[in-house]
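Lettering follows sequence order; numbering is per chain, from 1. All of these numbers come straight from a predicted model, not from anything done at the bench.
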Amino acid sequence: MSEIASQFKSEFLRQFAARGCLYDCTDPEALDALFARERVTGYIGFDCTAPSLHVGHALQIMTLRRLQQAGHKPIVVIGGGTTKVGDPSFRDEARPLLSEAQIETNKAAIRRTFEHFLTFGDGPSDAIMVDNAEWLDRLEYLPFLREVGRHFSINRMLTMETVKIKIDNDLPFSFLEFNYMIMQAYDFVELYRRYGCRLQSAGSDQWGNIVSGIDLGRRVENAQLFGLTTPLITTSSGTKMGKTMSGAVWLNPEMRSPYDYWQFWRNTEDGDVGRFLRLFTDMPEAEIARLETLQGAELNEAKKILATEATALCHGRAAAEDAAETARRTFEEGAAAEGLPTVEMDWSAGEVSGERGWTLRQADTIVKMSGLATSRSDARRKIGEGAVRINDVVITDWKKEFSVDQVDPQSGAFKVQYGKKKIVLVKPV
RNA sequence: GGGGGAAUGUCCCGAGCGGCAAAGGGGGCGGACUGUAAAUCCGCUGGCUUAGCCUUCGUAGGUUCGAGUCCUACUUCCCCCA
């Protein structure tokens, strides 16, 4: 795509392609001309299947950010309506229906994620956020079928990738899910009507749904709409990005602290540093080109920059720098730095009974309380692996007892460490 | 409507003569090696008050000293016939 990049006339597409964000788009020349000519309103939809978005969505959010930076107008569409239908594209199982209450909860939590990435407001290129439940909830079945349904060819829908996968593999595929693409197509048209929105962007797996919306727009509104997709990001060793550690890498600070988010980026593979800097930060190309040439251990400096820049976008500059500083003190000085994730532990209450209960707690209990182990058995297993340290001392016996006054005097907490990277302060209260 | 098959450790795939906490693989995590990287080798990958106990194999019953394994009903999914 980089040769094509230089051919674009519009600032937005040239930058977008040069950074490796562009996978495909409809009618490139016309879209390029549109971007060069006027302020374009574009949207991306986010469903509310979880109480937070994750790094897999980061590239989509960045796309909206770049639109805004180029002077265009981004719309964040929260999929309060489409989530009730459920996107069939991912799972090969029928996904469980979320309750409306659950969707509401998720929706509220997701909204906040965008605050650091985009500027919202009433200005011409200010971002706005809308919930597609606003129109989808109110659809009436028969009028909708007659207005919209007649434009959808079953013959053609059956040839679409996501549908074919279902059918070819004999996977369950309900009529409800089948309607997802129709809802998404209708969204696009509705956004065109309400906001003059001409562009929809998404990951490359959404291509079919985007094109459906464009077709529908032409048929019912005689509008020329455009689609733009971003590549699926994998790491250079071939795994899908972000599915590491203990599950998804959440963007919501309550679900993953800025410190842990920073760590996620800090642990980027060597071969991905330059690409990720282009995709996930605003760093200028010249600077990235320089950082990329660093060799061996020097590349760690580039990783720190990547971590801080990516974290700043998601959690704010101050939180990112705190995380960087905490990491520096922790890894480069070995100190039990304050910014480490901290959990409070009710020292006096609890399971240990009788005479010793009030002052002494066993190592396995402390590790469990830290959250680094999911259960006491898990804590014991991990201690058995020789991977657990408390106050920098390797624990080999899960029965080892600690008293309150053995906390690290600096932090007033136990520094509990699992492996080399996961450190939590456990503060007795 | 009729006939046949399938549901396994809640990350996934997948074995399982009636004695099973349940083979194997992927993924994930940890250790060694490094640079908080990759690759490679090794280990771990139900819970608890852990020489023991408890709960897991779609759901509910039943037969057995004992059931993931046999029987019955139900649920869901797939295939074939109509």
Side-chain angles (χ1 to χ4, degrees), chain A residues 50 54 90-97 166-175 177 234-249 259-277 291-292 294-308 311 323-335 337 340 350-357 360-365 367-368 370-389 394-399 401 416-423:
Chain A
H54 53 78
F90 313 86
R91 301 282 170 94
D92 37 5
E93 296 294 317
R95 74 166 54 186
L97 278 178
K166 297 284 186 185
I167 293 178
D168 292 350
N169 299 307
D170 295 329
L171 297 169
F173 187 40
S174 71
F175 183 66
E177 293 173 288
T234 53
T235 65
S236 52
S237 53
T239 58
K240 202 180 285 178
M241 180 196 162
K243 273 288 179 188
T244 52
M245 309 281 276
S246 36
V249 179
Y259 171 79
D260 281 332
Y261 190 73
W262 191 94
Q263 284 295 324
F264 166 75
W265 291 102
R266 172 62 246 265
N267 288 311
T268 296
E269 294 175 26
D270 283 11
D272 295 328
V273 176
R275 192 160 54 104
F276 285 4
L277 277 166
L291 289 170
E292 253 180 333
L294 295 174
Q295 291 300 310
E298 289 187 337
L299 199 51
N300 283 331
E301 292 309 311
K303 291 184 188 179
K304 289 180 203 170
I305 292 170
L306 169 63
T308 301
T311 305
E325 176 58 14
T326 299
R328 191 189 66 77
R329 290 220 301 269
T330 304
F331 287 98
E332 296 174 26
E333 292 178 6
L340 289 170
E351 315 81 21
V352 180
S353 60
E355 317 79 54
R356 51 183 197 162
L360 299 174
R361 304 307 289 272
Q362 286 185 163
D364 59 342
T365 304
V367 173
K368 183 196 163 191
S370 75
L372 293 173
T374 55
S375 66
R376 192 168 298 222
S377 299
D378 190 37
R380 289 169 188 172
R381 204 178 296 124
K382 283 167 171 163
I383 290 169
E385 290 175 335
V388 173
R389 291 163 198 260
V394 175
I395 305 299
T396 50
D397 177 13
W398 55 262
K399 288 181 176 159
E401 293 176 326
V416 182
Q417 181 168 359
Y418 174 55
K420 276 181 271 194
K421 303 176 191 172
K422 292 172 199 159
I423 305 173

Close side-chain approach of A:K420 to A:F331, heavy-atom, < 4.5 Å = no
Please confirm whether the backbone N or O of A:V367 pairs with a side-chain atom of A:K382, one donor and one acceptor, at under 3.5 Å?
-> no
Would you mind telling me which of A:T308, A:D270, A:D272, A:N267 makes a side-chain hydrogen bond (donor to acceptor under 3.5 Å, both in side chains) with A:K303?
-> A:D270
Nearest-angstrom distance from the residue atom CD of A:E301 to P of B:U36 = 11 Å
For B:C44, what is the paired nucleotide under Watson-Crick or G-U wobble rules, both distances under 3.5 Å?
-> B:G28
note: A:F264, atom CZ; B:C29, atom P; distance rounded to Å ~ 11 Å
NA contact type, A:E269, heavy-atom cut-off 4.0 Å: base, sugar-phosphate, or nothing?
-> sugar-phosphate
Write down the distance separating the P atoms in B:C42 and B:G24, rounded off to the nearest Å.
-> 14 Å
Under 3.5 Å, side chain of A:T268 to main-chain N/O of A:W265, donor-acceptor pair present?
-> yes
Go ahead and name the base partner of B:U72; Watson-Crick or wobble counts if both distances stay under 3.5 Å, otherwise write none.
-> B:A60
Closest nucleotide among B:G47, B:U36, B:C33 to the A:K421 side chain = B:U36
Given side chains that start at C-beta, do those of A:V416 and A:K422 come closer than 4.5 Å, heavy atoms only?
-> no
So does A:R376 get a side-chain nitrogen or oxygen closer than 4.0 Å to the phosphate oxygens (OP1/OP2) of B:U49?
-> yes
Nearest-neighbour nucleotide for the A:N267 side chain, B:G31, B:C44, B:U36 considered | B:U36
Between P of B:A37 and NZ of A:K304, the distance in whole Å | 13 Å
C1'-based separation of B:U76 from B:U8 [nearest Å] | 16 Å
Rounded to whole angstrom units, what separation is found between the CD atom of A:Q362 and the C1' atom of B:C48?
-> 13 Å
Ignoring hydrogens and angles, does a donor from either the side chain of A:E385 or the base of B:G43 sit under 3.5 Å from an acceptor on the other?
-> yes
Per nearest nucleotide of RNA chain B, the residue lying toward the 5' end, A:N300 or A:G386, is A:G386
A:K368 NZ - B:U49 P separation (whole Å) = 7 Å
Check the chi torsion on B:C53 and let me know: syn if it falls within 90° of 0, anti if not.
-> anti
Rounded to whole angstrom, note down the P distance from B:G25 over to B:A15.
-> 15 Å
When you get a sec, tell me which of B:U36, B:U50, B:U45 is the closest nucleotide to the side chain of A:R266?
-> B:U36
Whole-angstrom distance between B:U10 and B:G3, as gauged at atom C1' = 33 Å
The residue, A:D270 or A:A387, whose nearest nucleotide of RNA chain B is more 5′ is A:A387
Does a salt bridge link A:R381 with A:E385, judged by any charged N lying under 4.0 Å from a carboxylate O?
-> no
May I ask you to say what A:W265 touches in the nucleic acid, namely base, sugar-phosphate or nothing, with a heavy-atom cut-off under 4.0 Å?
-> nothing
Tell me what A:S236 touches on the nucleic acid: a base, only sugar-phosphate, or nothing, going by heavy atoms under 4.0 Å.
-> nothing
Distance, P atom - from B:A39 to B:G28, rounded to whole angstrom = 9 Å
Side-chain donor/acceptor contact of A:R380 with base of B:U50 under 3.5 Å = yes
Between B:C54 and B:G68, how far apart are the P atoms? Round to whole Å, please.
-> 14 Å
Provide the distance between the two P atoms, one in B:G18 and one in B:C70, to the nearest whole Å.
-> 7 Å
For A:S377, report the nucleic acid contact type (base, sugar-phosphate, nothing); a contact means any heavy atom under 4.0 Å.
-> base
Would you mind pulling out the nucleotide paired to B:A51, Watson-Crick or G-U wobble, both distances under 3.5 Å?
-> none
Tell me what A:K303 touches on the nucleic acid: a base, only sugar-phosphate, or nothing, going by heavy atoms under 4.0 Å.
-> base
Side chain A:D378 and base B:G46 donor-acceptor under 3.5 Å = no
Nearest-angstrom distance, P atom, B:U69 to B:A7 | 12 Å
Report the base-pairing partner of B:U36 (Watson-Crick or G-U wobble, both distances below 3.5 angstrom), or none.
-> none
Taking the side chain as every heavy atom from C-beta outward, state whether A:T365 and A:R376 have any pair of such atoms under 4.5 Å apart.
-> yes
Salt-bridge test for A:K399 and A:D364: reply yes if a basic N is under 4.0 Å from a carboxylate O, no otherwise.
-> no
Between B:G47 and A:S375, is there an OP1 or OP2 to side-chain N/O distance shorter than 4.0 Å?
-> yes
Rounded to whole Å, the CD-P distance (A:E298 to B:U36) equals 14 Å
Are A:K422 and B:C29 close enough that a side-chain N or O sits under 4.0 Å from OP1 or OP2?
-> no
Quick one: A:Y261 OH to B:U36 C1', roughly how many Å, whole number?
-> 18 Å
Distance in angstrom units between A:D260 CG and B:U36 P, rounded = 18 Å
Out of B:U45, B:G30, B:G35, whichever nucleotide has its closest atom nearest the side chain of A:Y418 = B:G30
